[in-house]
Amino acid sequence: MLHEILLSLSGQKSSLFNFQAEKDAVSEESFPLLSPPEKALLASLARLSRLHAELRTHTALICSSHPSVICRAVSTSIRSQHLGEFQKKILEVEKAILVEDSGYVGGYGIVPLATVVGQFTPWTRRMEWLWEISRYIQPSKEEQTEGCTGAGLIDRLREESQTGYVDIEQIALHLIGAAETAWMRQLSTWLLYGNLPILGKEDFFIQEAGTSANDGPVSITEFAIHSNLIPQFVSSHTAASILFIGKTLNLIRAKRGPSSARTSEGLLTSPVTLHGEHIKYLAELRSPIPAMKLSNAVDSIRLSLSQSTLSKLLPLPKILEILSLLHDFLLLRRGEFATALVSHADARLMERQRRSETTRSMMSNSVDGIAVKEGDVVTALTNTWVELYSLQNEEDPVDDELDLARDIVRLSIKTKEHGQPQGLLPGGPGAELIAETSSIPFDDLLFPVPTSLTLQVRPPLDLFLSASDISVYTKVHSYLLGLRRAQLRLGGLWKHTPLRRSHPSPWGPPRSNSRFGRVRLQKGRERENARTCQMRAIWATSSASLFVLSEIGGYLQGEVVNGSWQHFQDWVEAGVSETGTPSGSRPGTASSSKARSLGLSSGRLGEEPGSDTTQPKRHDPETLTAAHHRYLSVLVQSLFINEITFTKALRNLLVRIDHFIALVIRLESIQRNMDLETDEGVVDALVDYASEENEVWQALRAAREDTEKGINEVVARLRDIDDSRAGEGRMMFEPTYGSFSVAQANSCSYVPRKAAGVDRLLMKLDFATGTGN
């Protein structure tokens, strides 16, 4: 019977155990003389035999069909290492019996069954655990569950290693080593060459997200992180660094691919010479891989790559150049750009309105029915660039930033198909910030259709700026431009001379000395006095609206936008900036922009400010990216774009102001026609101007009341923001930008600037609203 036991334990079919009938039972037909104690002893061996056979079959299936290379590696390790050790144990027992070892063979050559069973008892627990792991890797068809991923298997093995059984812990650690070795091979392919692994590509946590077309002949492949495929010992910051390194290597390979003959020698040789150093960082990792050591190794590779290749591919002056452009044009630091854009947009609308006007009477002077085409939007931006160029003098230096802005800044109509920015994944970095921003639109204030001012990010700047960053900048631009446009239009009301004083001037001597002249002069004065009394409330509302919008715009543009940018720029330049003083609260101009241009000729990449005793610290591009995300996150919070109630109230106020201004302009047109009819005898029999004037005055009174209510609503929402943030102890500089809020806290030392409290703004607004306590 002993040879039957050993054969069965080896995975061979044996007549000793009847696996067709009851599970793990001894065959009664083949061995009818077995006693109950012997059957009980053989039951454990029957279970062990069954587990051995099923494990061999199941692991063979995993090794041949499972899509995960990590799962295959673990299954191969189970099959070759641990099942092999069990087979060796069987041979050891068999050899000991054959040589009549006294530990197994007793008197008269008798081998106690309990001794044999005792030799395999520890293996029962091991086989049970291995069978559980193999079933976790690839469940049976009856369970109707999907197989696990490589990351899930690594996490499961790490949990199972925390056990009280020494033998199970050793097996788990060995399987962890096999799994992490396979995972490190995938990782090293990406970190050293920027290539996705050939085998098990679908199981790697970095996947292709599409291809972006460039101006050149080479297309750049986009990559994204799948969080469900990341092992738990890999932090979010480490995963982001791994993605950054691979994207950088991909970009380098793409740039030197078709034009390698014209590529600089440093760009070609730098990645090759660094491979040995990078391999050394990875070779120092031992299983089980500690999260901190992996993070340090990835950071070392990233810093090594940044200090060599990226310092040439993505230098600090280029990063600051694009950031300065975003601040000047999308964040409206250049006041003349916003003024020219609003002016030319209104000019295109008026021209389109004159063409499409079918009736002469338009009560609200609305532009909602105007069909705006893409050409109108493009023409408005083109005329804006022409005006900005005309403002330059011959003595001014060449404005390279304006040339770059004209080349990459685009104004276009947003469509439903292009509502989501390209390259922005639902779970990618920046998606949380975009989701937190208010859904109240401001992009249809410049034109009656939604438009967006965007920036074409070209490689290698896409390593620094993502699609989500540009989407946030676009939202902030439409938000700030809506405020600036309302200020400009309200200020433009005072340019309508007939509304403010008698225009043209009344008759003077000698015509006013005649009887007819005196009568006409008296009627004109009475008419002007009546209109002046009626317009007092209109001008009061206009002044209050302009004051409120100016104070809010000054706070957002000066205290928040310019102050935050100056703080962030000083951190990036590390104290090398020539100005050293923060921007004022007033919008900037081109001359001030040139005066505060990039002072980087004498600066080093990422030097920290300080005295001579302070050691310089270099900021690599990924650290700058994390700092920029923090800066952008705090900017959104400080601008109140994430406050739905405030943005809704502000949007309603801006719409009411537009309606109010349109009625005032319409009233001027009607009164001018009435004066021509009364004074000059120019009569239009088809239009009743007196009736139209009464209707406009009624609508204007209602619009004035709505505007004042809108002002009070905006101020009330600002008070709610001030109370909520003060009551909750909320820090305005607390970043909440997706995975960059906490994950990159250790890698980025930048602390965003905290803007002044809302209470200062409210103290100024109380003067206009008269609601202060």
I'd like to know if the side chain of S134 and the backbone of L130 have a donor-acceptor N/O pair within less than 3.5 Å.
yes

Flag, side chain of S471 to backbone of A467, donor-acceptor distance under 3.5 Å:
no

Residues forming a side-chain hydrogen bond (donor to acceptor under 3.5 Å, both in side chains) with Y281, sequence neighbours excluded
E277

Any chance you could measure L294, atom CG, to I242, atom CD1, to the nearest 0.5 Å?
5.5 Å

What pairs of donor and acceptor atoms, side-chain ones from residues 170-181 against any protein atom, are under 3.5 angstrom apart with sequence neighbours left out?
from: H174; atom 1: ND1; to: S77; atom 2: OG; distance (Å): 3.2
from: H174; atom 1: ND1; to: H82; atom 2: NE2; distance (Å): 3.2
from: E180; atom 1: OE1; to: S287; atom 2: OG; distance (Å): 3.0
from: E180; atom 1: OE1; to: I289; atom 2: N; distance (Å): 3.0
from: E180; atom 1: OE2; to: R158; atom 2: NE; distance (Å): 3.2
from: E180; atom 1: OE2; to: R158; atom 2: NH2; distance (Å): 2.6
from: T181; atom 1: OG1; to: G177; atom 2: O; distance (Å): 2.6

Test item: W190 and F205 side chains (from C-beta on) under 4.5 Å apart, heavy atoms:
no

Which atom pair, heavy atoms only, marks the closest approach of Q186 to G200?
NE2-O, 3.2 Å

Compare every heavy atom of S466 with every heavy atom of S468, then report the nearest pair and how far apart it is.
OG-OG, 2.8 Å

Count the heavy atoms of every other residue, nucleotide or ligand shown that sit under 6.0 Å from CD1 of I198, and state whether that count exceeds 12.
no

Hey, could you give me the CD/CD1 distance between E94 and I97, rounded to the nearest 0.5 Å?
7.5 Å

Sequence neighbours excluded, every pair satisfying ring-ring contact (aromatic ring centres under 6.0 Å, His included) that has a member inside residues 148-170
none

Just to verify, what does E202 make a side-chain hydrogen bond (donor to acceptor under 3.5 Å, both in side chains) with, not counting sequence neighbours?
none

Stepwise side-chain contact (heavy atoms from CB on, under 4.5 Å) check, Q207 with F223
CA-CA 6 Å; Q207 303 283 335; F223 298 94; over 6 Å; no

Tell me whether H58 contacts the main-chain N or O of Q138 through its side chain, where contact means a donor paired with an acceptor under 3.5 Å.
yes

Run the numbers on L282 and I301 for side-chain contact (heavy atoms from CB on, under 4.5 Å), then give the verdict.
CA-CA 9 Å; L282 298 177; I301 295 176; 4.0 Å; yes

Could you go through residues 62-74 and list every donor-acceptor pair under 3.5 Å that involves a side-chain atom there, pairing it with any protein atom two or more places apart or in another chain?
from: S64; atom 1: OG; to: A60; atom 2: O; distance (Å): 3.0
from: S64; atom 1: OG; to: L61; atom 2: O; distance (Å): 3.1
from: S65; atom 1: OG; to: L61; atom 2: O; distance (Å): 2.6
from: H66; atom 1: ND1; to: S68; atom 2: N; distance (Å): 3.1
from: H66; atom 1: NE2; to: I137; atom 2: O; distance (Å): 3.3
from: S68; atom 1: OG; to: I70; atom 2: N; distance (Å): 3.3
from: S68; atom 1: OG; to: C71; atom 2: N; distance (Å): 3.3
from: S68; atom 1: OG; to: D203; atom 2: OD2; distance (Å): 2.7
from: R72; atom 1: NE; to: H66; atom 2: O; distance (Å): 2.5
from: R72; atom 1: NH2; to: H66; atom 2: O; distance (Å): 3.0

S236 OG to I230 CD1 distance, which is reported to the nearest 0.5 Å:
6.5 Å

State which residues pass side-chain hydrogen bond (donor to acceptor under 3.5 Å, both in side chains) with E128; sequence neighbours excluded, sorted by chain then number.
R47

Taken in chain and number order and not counting sequence neighbours, the residues that satisfy ring pair (Phe, Tyr, Trp, His ring centres under 6.0 Å) with W129 are none

Does S300 use its side chain to pair, donor to acceptor, with the backbone of N296 at less than 3.5 Å?
yes

Would you please name every residue forming a salt bridge (charged side-chain N to carboxylate O under 4.0 Å, His left out) with E160, sequence neighbours left out?
R156

Contacts satisfying salt bridge (charged side-chain N to carboxylate O under 4.0 Å, His left out) that involve residues 112-127 (not counting sequence neighbours) are R125-D167, R126-D167

Between E284 and K293 (salt bridge meaning N to carboxylate O under 4.0 Å), is one present in this structure?
no

Who passes side chain to side chain contact (heavy atoms under 4.5 Å, CB included) against T57, sequence neighbours left out?
none

Any chance you could measure I319, atom CD1, to L461, atom CG, to the nearest 0.5 Å?
7.5 Å

With sequence neighbours left out, what residues match E92 under side chain to side chain contact (heavy atoms under 4.5 Å, CB included)?
K89

Checking side-chain contact (heavy atoms from CB on, under 4.5 Å) for the pair L153/Y136: CA distance, chi angles, key distance, verdict?
CA-CA 8 Å; L153 179 58; Y136 175 79; 4.1 Å; yes

Would you say that L83 contacts M127 through its side chain, given a criterion of any heavy-atom pair below 4.5 Å between the two side chains?
yes

Taking the side chain as every heavy atom from C-beta outward, state whether N228 and T149 have any atom pair closer than 4.5 Å.
no

Quick one: CZ on F204 to CG on L187, what's the gap to the nearest 0.5 Å?
5.0 Å

Inter-residue atom distance L191.CG - I206.CD1, 0.5 Å rounding
7.5 Å

Could you go through T59 and W131, starting from their C-alpha distance and side-chain angles, then the distance that decides it, and tell me whether this counts as side-chain contact (heavy atoms from CB on, under 4.5 Å)?
CA-CA 9 Å; T59 53; W131 175 243; over 6 Å; no

Grab the two heavy atoms, one from K201 and one from P197, that are nearest each other, plus how far apart they are.
CB-O, 3.2 Å

Considering all heavy atoms, the nearest D155-Q232 contact
OD1-N, 2.9 Å

Just wondering, do R302 and T248 contact through their side chains at under 4.5 Å, heavy atoms?
no

Side chain S80, main chain T76, donor-acceptor under 3.5 Å:
yes

N/O donor-acceptor pair under 3.5 Å between R56 side chain and R79 backbone
no

Is the shortest side-chain heavy-atom distance between F233 and T238 below 4.5 Å?
no

By ring pair (Phe, Tyr, Trp, His ring centres under 6.0 Å), F86 pairs with (sequence neighbours left out) H52, F120, W123

